[in-house]
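The residues of the chain are indexed from 1 along the displayed sequence. Bear in mind the structure is a predicted one, so any value in this text is a computation, not a measurement.
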Amino acid sequence: MPATDLSGRRVLAIVTNYGVEQDELVVPLEHLQGEGVVVDVAATSTDDVQTVVGDKDPGRTVTPTRTFADTDAADYDLLLVPGGTVNADTLRLQDEAMEIVRSFTAAGKPVAAICHGPWALVETAAVEGKTLTSYPSLETDVLNAGGAWVDREVVRDDEGYTLVTSRNPGDLDAFLREVDSVLAAA
């Protein structure tokens with residue numbers, strides 16, 4: 001439980017309509033809503049988002065509240081970028097989604113990305129000079145984009161914009177503690 005009331009804070013999660021790792025979307029969504037945070041899920045379309053477990057087995061479906069096209073980054077306190085290999089790889093090819101990421105980082109707004117989610121930050125040239133973690137297969141991409149990659153359950157880098165990153169669903173407790181901390185200061 002956060003020490004500060006998070007009611008009224010607004011978080012935007014961006015995902016594609018297929019392939020987001022279930023726990024990397026659903027667990028933060030339920031946790032933040034339980035703390036009184038308003039969470040919007042933006043996707044490519046308003047069709048249900050089919051999550052996956054372990055990148056292959058069908059998970060729960062989540063109904064997006066908006067599309068990328070009808071989303072304004074200025075309305076939110078933090079951007080959440082869940083992983084899932086298919087989701088993250090497809091997401092970085094969505095121009096409107098990448099524009100949302102650019103809007104957050106250019107405005108100095110916090111971003112929280114887990115597992116393969118940091119691919120969106122690599123794609124938008126937002127990791128240069130940042131220290132972060134991710135699923136291990138992204139290490140070379142992060143290094144090539146000018147970031148420093150470390151293998152820790154959660155990393156917070158406050159240089160420029162605040163970036164919170166974690167490696168996988170097993171790190172969600174630490175990830176959410178740090179996200180709560182960032183939102184409390186928002």
Taking [X] for the side chain and [Y] for the main chain, is one N or O donor matched with an acceptor at less than 3.5 Å?
| X | Y | answer |
| --- | --- | --- |
| Glu178 | Val164 | no |
| Asn17 | Asp47 | yes |
| Thr124 | Val101 | no |
| Thr133 | Thr165 | no |
| Gln50 | Gly59 | yes |
| Lys109 | Ser103 | no |
| Asp70 | Arg66 | no |

Worksheet entry | Qualifying residue for side-chain contact (heavy atoms from CB on, under 4.5 Å) with Thr16, from Leu93, Thr44, Asp89 | Thr44

May I ask whether [X] and [Y] are part of the same hydrophobic cluster, defined by side-chain heavy atoms of I, L, V, M, F, W, Y residues being less than 4.5 angstrom apart, directly or through others?
| X | Y | answer |
| --- | --- | --- |
| Val81 | Val49 | no |
| Leu91 | Val142 | yes |
| Ile114 | Leu183 | yes |

Response to the item:
Hits for side chain to side chain contact (heavy atoms under 4.5 Å, CB included) against Tyr161, two or more places apart or cross-chain, chain-then-number order -> Thr105, Val111, Leu121, Ala126, Lys130, Leu163

Fill in: Verdict with reasoning, Asp40 to Arg10, per salt bridge (Lys or Arg N to Asp or Glu O under 4.0 Å)
CA-CA 8 Å; Asp40 279 322; Arg10 295 182 53 89; 3.3 Å; yes

Which atom of [X] lies closest to which atom of [Y], heavy atoms considered:
| X | Y | value |
| --- | --- | --- |
| Asp157 | Glu159 | OD1-N, 2.8 Å |
| Ser134 | Trp149 | OG-NE1, 2.8 Å |
| Gly19 | Val86 | CA-CB, 4.3 Å |
| Glu21 | Gly54 | OE2-N, 2.8 Å |
| Leu143 | Ala148 | CD2-CA, 4.4 Å |
| Phe104 | Leu78 | CE2-C, 3.5 Å |

Discussion item. Counting C-beta onward and ignoring hydrogens, is there a side-chain heavy-atom pair between Val62 and Asp48 closer than 4.5 Å?
Written reply: no

Practice prompt. Please tell me if the side chains of Val179 and Leu32 come closer than 4.5 Å, counting only heavy atoms from C-beta onward.
Written response: yes

Item to complete: Can you measure from CG (Asp55) to CG (Asn87) and round to the nearest 0.5 angstrom?
Response: 9.5 Å

Fill in: Interatomic distance, Glu96 atom CD to Met98 atom CE [nearest 0.5 angstrom]
11.0 Å

Item to complete: With salt bridge (Lys or Arg N to Asp or Glu O under 4.0 Å) as the test, would you mind laying out the steps for Arg9 and Asp77 before giving the verdict?
Response: CA-CA 6 Å; Arg9 301 299 197 283; Asp77 300 303; 5.1 Å; no

Discussion item. Between Ser181 and Arg156, do the side chains contain a donor N or O and an acceptor N or O under 3.5 Å apart?
Written reply: yes

Discussion item. Determine whether Glu30 and Arg60 satisfy the following criterion, salt bridge (Lys or Arg N to Asp or Glu O under 4.0 Å), listing intermediate values before the conclusion.
Written reply: CA-CA 13 Å; Glu30 291 174 350; Arg60 293 171 44 187; 2.9 Å; yes

